Amino acid sequence: MEDYIVRGTAAGDQIRAFAVSSRGLVQAAHERHRTSPLATAALGRSLSAALMMGAMMKGKDDEMTLQFLGDGPLANMTVTADSRGHVKGFVGNSEVCLPAKSNGHLDVGSAVGQGTLRVIKDLGLREPYVGTVAIQTGEIGDDLTYYFAASEQIPSAVGLGVLVGTDENVLAAGGFIIQLMPFTEDAVIDQLEKNLSHISDVTEMLMEGSRPEDMLAQVLDGLEPKMIETLPAAFFCGCCREKVERTLISLPAGDLQEMIEEGKTVEVKCQFCGQVYHFTREDLGEIQAKAKRD
Ligand SMILES: [Zn+2]
């Protein structure tokens, strides 16, 4: 199944809904960062959620970032998505490993720990919008549900799932976000709650072959769901050698001189995608010359 996001509505315009299938891009993140199954699950849930939250934004250059700043062994996790189906992200400790929970699930909550969830939206305004809430369970979905209610005053249901196989490859990944508009009728809320209490886990739905629109059809059963738009989704970083060069140019002059005097090839790794850029002594000399000209 391809990775894509579906945007829809239900019960007239009382509900807005998003769903995503993201197995391919979560697998890409796993391969780039060599994540353990637990890190893959945490990162995969966040990547999936960020894609849907990115699709909520209107401007084509808008970007949003989720930062889980927890005290668990995963260390900090950062994920950035745009409004066009691109997402990238990384975790502080990609090798994190903890015993599974009693239900056999990966213990994402303990890996994340307690702390702060920060949501940063860059909508092209002078200042980005920043919403900060306390991490609730660290299971990602619960934390985002809480964020939407506490920070944006939007009652929401968030379902996220990543299933990792015994060979550490991603078998299934995806999720949904359902949001209630302020004028939603009680009968609609009742029906939605009933549906949510009956549906299977996201990973079960995906493993049964459900596409994003099928997940929404189940969650929004009896509420006349309408699919409005489909958007391809992918892991995409957008870093390049020129951008890394510009970072090196902006370093204090002494730092660059020190690297040159060491005479070694410098390796710069992009945090978001793991891409490594090499700069030889000669490259650094040219960068130093450019820095002096600026
Ligand atoms: Zn990159």
Side-chain angles (χ1 to χ4, degrees), residues 1-26 41 44-57 81 83 85 87 103-106 108 136-137 139-150 152-163 170-233:
M1 182 164 43
E2 296 291 301
D3 291 346
Y4 63 96
I5 307 162
V6 167
R7 185 169 67 86
T9 58
D13 284 331
Q14 297 180 71
I15 292 177
R16 65 174 187 167
F18 301 83
V20 64
S21 59
S22 53
R23 194 208 66 81
L25 65 93
V26 176
R45 289 183 198 176
S46 301
L47 291 167
S48 305
L51 277 168
M52 293 186 277
M53 293 173 76
M56 292 173 188
M57 302 187 297
S83 59
V87 71
N103 62 5
H105 288 184
L106 292 161
V108 172
Q136 300 299 299
T137 63
E139 294 284 339
I140 316 299
D142 297 342
D143 304 304
L144 290 168
T145 302
Y146 181 76
Y147 160 79
F148 283 123
E152 299 195 7
Q153 283 78 49
I154 303 174
S156 307
V158 181
L160 301 168
V162 174
L163 187 65
V170 181
L171 298 175
F176 62 81
I177 299 179
I178 310 295
Q179 300 199 308
L180 301 180
M181 298 299 107
F183 46 84
T184 305
E185 295 157 12
D186 288 345
V188 171
I189 298 172
D190 291 346
Q191 177 68 39
L192 181 63
E193 281 176 352
K194 203 172 113 200
N195 293 350
L196 287 167
S197 69
H198 287 147
I199 57 162
S200 335
D201 282 350
V202 167
T203 46
E204 278 173 45
M205 286 197 269
L206 290 167
M207 289 304 282
E208 285 161 8
S210 292
R211 300 165 301 163
E213 50 270 50
D214 301 325
M215 285 195 280
L216 288 188
Q218 287 192 47
V219 176
L220 302 170
D221 184 36
L223 295 167
E224 297 171 42
K226 273 202 195 86
M227 303 307 147
I228 293 174
E229 189 184 28
T230 300
L231 185 64

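The structure presented is a predicted model; accordingly, all values stated were derived computationally and were not measured. Numbering of residues begins at 1 and proceeds along the displayed sequence.
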Does a sphere of radius 6.0 Å around CG in D13 hold more than 12 heavy atoms from other residues, nucleotides or ligands, not counting ones at 6.0 Å or beyond?
no
Heavy-atom count around D186 CG within 6.0 Å, excluding the residue itself: above 12?
no
Residue E204 excluded, over 12 heavy atoms near CD under 6.0 Å
yes
Is the closest side-chain heavy-atom distance between V219 and L192 below 4.5 Å?
yes
I'd like to check the salt bridge (Lys or Arg N to Asp or Glu O under 4.0 Å) partners of E229; sequence neighbours left out, ordered by chain and number.
R7
Of the non-hydrogen atoms in G85 and I5, which two are nearest, and what is the gap between them?
CA-CD1, 4.1 Å
How many angstroms lie between atom CE of M56 and atom CZ of F148, to the nearest 0.5 angstrom?
4.0 Å
With a 4.5 Å heavy-atom cut-off, do L51 and D3 have their side chains touching?
no
Distance in Å, I178 CD1 paired with L220 CG, rounded so as to fall on 0.5 Å steps
4.5 Å
For V20 and S48, which heavy atoms make the closest approach, and how far apart are they?
CG1-O, 3.8 Å
Between the main-chain N or O of I140 and the side-chain N or O of D143, is there a donor-acceptor pair closer than 3.5 Å?
yes
Do L25 and L47 have side chains that approach each other closer than 4.5 Å (heavy atoms only, starting at C-beta)?
yes
Taking every non-hydrogen atom, the tightest pair across Q179 and S156
NE2-OG, 3.1 Å
More than 12 heavy atoms from other groups under 6.0 Å of CD on E2
no
Quick check: closest heavy atoms across L216 and F18, and the distance to 0.1 Å?
CD2-O, 3.7 Å
How close do M215 and V202 get, counting heavy atoms only, and between which atoms?
SD-CG1, 4.1 Å
Backbone N/O of A150 and side chain of Q153: donor-acceptor pair under 3.5 Å:
yes
When you compare the side chains of Q218 and D214, does any donor N or O come within less than 3.5 Å of an acceptor on the partner?
no
Sub-4.5 Å side-chain heavy-atom contact between F176 and I199:
yes
Within the distance-only criterion (no hydrogens, no angle test), does the side chain of D142 pair as donor or acceptor with the backbone N or O of Q136 below 3.5 angstrom?
no
When rounded to the nearest 0.5 Å, the distance separating OG1 of T145 from CD of E139 is 12.0 Å
To the nearest 0.5 Å, how far apart are CD1 in I177 and CG in L160?
6.5 Å
Would you please name every residue forming a salt bridge (Lys or Arg N to Asp or Glu O under 4.0 Å) with E213, sequence neighbours left out?
R211
Might you work through the side chain to side chain contact (heavy atoms under 4.5 Å, CB included) test for L180 and I15, ending with a clear yes or no?
CA-CA 5 Å; L180 301 180; I15 292 177; 3.8 Å; yes
Given 3.5 Å as the limit, does a donor-acceptor pair link the side chain of Q191 with the main chain of D221, or not?
yes
Verify, without hydrogens or angle tests, whether S21 (side chain) and P212 (backbone) share a donor-acceptor contact under 3.5 angstrom.
no
Working to the nearest 0.5 angstrom, can you tell me the gap between S22 OG and M52 CE?
8.0 Å
Mind checking whether L206 and R23 have side chains closer than 4.5 Å, heavy atoms only?
no
Distance-only, no hydrogens or angles: does the R45 side chain make a donor-acceptor pair with backbone N or O of V162 under 3.5 Å?
no
Which atoms form the tightest heavy-atom contact between L231 and S83, and what is the distance?
CD2-O, 3.7 Å
Judged by atom type as modelled, is there a donor-acceptor pair below 3.5 Å linking the side chain of N103 to the main-chain atoms of H105?
yes
Test of understanding: with salt bridge (Lys or Arg N to Asp or Glu O under 4.0 Å), list the residues that count as partners of E185, not counting sequence neighbours.
none
